[in-house]
Amino acid sequence: MQERRFARGACIAGAGQPVEHWMALIDGFAKMSVASEGGRVSTLTGVSAGVWFGEGSLIKHEARRYDVFALRPTRVALMPRRTFEWLRETSIAFNHYLQELLNARLSLFIGALAHERLLDTDARVAHCLASLFNPELYPDAPRQLQVGQIEIGLLANVSRQRVNVALQRLQALGLIRLERRGLTVLDLPGLDGFRAAYGSDPASRDAGAARRA
DNA sequence: GCATTAACCACCG
DNA sequence: CGGTGGTTAATGC
């Protein structure tokens, strides 16, 4: 295997490029994103230390489907296609690991889709943060995240200003602590299970009940 | 009603 | 100074 280093903002892997390696973050932080023909960009998820990615395109022998950008200085491990295929052909344990990885990622994206459609903005931001610490995908992630509010907005698909108010509400509830250019998660289960606190008037409670249902 | 954009200001390295 | 964070006013769905 090889190791490569990327500066903040550098493109680790680009959509459309041929895929010849299975990749993993050794340290640092990156984001996966896609762009439309018109140049509009949507960030799909964050990638932190310990996360493997790119196995889908590697298995299907197709060009990469998304871009990966470093959000801070990042080291990446690259496993050549031949090694990846040899492991797939010879190791049951390796195949089990791959299944668990794919399963965890599937549940991550299904969960994100459900939250996107069912939850209000504060809860979406909370869940987006919590998903970055998914223990299945990120075995021993530190609870400190060095990502600014603009990037959190891109990850959660919410404007930077709205992210700011959501983060401050989460901080007021003791779920996170805001820092300059980052934050620390204080209560991961609480963050993952966060739902909006509704006002005291009956109308908004009904709306809340409908959304919860 | 709520989120978005734009703009402004304060803070910090 | 530029980047980041906190806030507010105008606009749109």
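Just so we're on the same page: letters track the sequence lines, and every chain starts at 1.
A salt bridge between R195(A) and D120(A) is absent, with no side-chain N of the basic residue lying under 4.0 Å from a carboxylate O of the acidic one.
In this structure, the CZ atom of R162(A) is 13 Å from the P atom of dT5(B), given to the nearest Å. Straight-line distance from the CZ atom of R124(A) to the C1' atom of dA3(B): 9 Å, rounded to whole Å. Here dC2(B) presents its P atom at 11 Å from CG of D122(A), a figure rounded to the nearest Å.
For the ring-ring contact (aromatic ring centres under 6.0 Å, His included) condition, the pairs that include at least one residue of residues 117-136 of chain A, sequence neighbours left out, are H115(A)-H127(A). The stretch residues 87-106 of chain A participates, sequence neighbours left out, in these salt bridge (charged side-chain N to carboxylate O under 4.0 Å, His left out) pairs: E55(A)-R105(A). Under the ring-ring contact (aromatic ring centres under 6.0 Å, His included) criterion, no residue pair touches residues 141-178 of chain A, with sequence neighbours excluded.
Distances shown here put every side-chain N or O of S159(A) at or beyond 4.0 Å from the OP1 or OP2 atom of dA3(B).
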(Q) Return a single string for nucleotides 3-13 of chain C, one symbol per nucleotide in 5' to 3' order, where B is base contact, S is sugar-phosphate-only contact and - is none, cutoff 4.0 angstrom on heavy atoms. (A) BBBBBB-----
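Not counting sequence neighbours, F109(A) has no partner by the ring pair (Phe, Tyr, Trp, His ring centres under 6.0 Å) test.
The other residues sharing a hydrophobic cluster with I110(A) are L106(A), where clustering joins ILVMFWY side chains under 4.5 Å apart.
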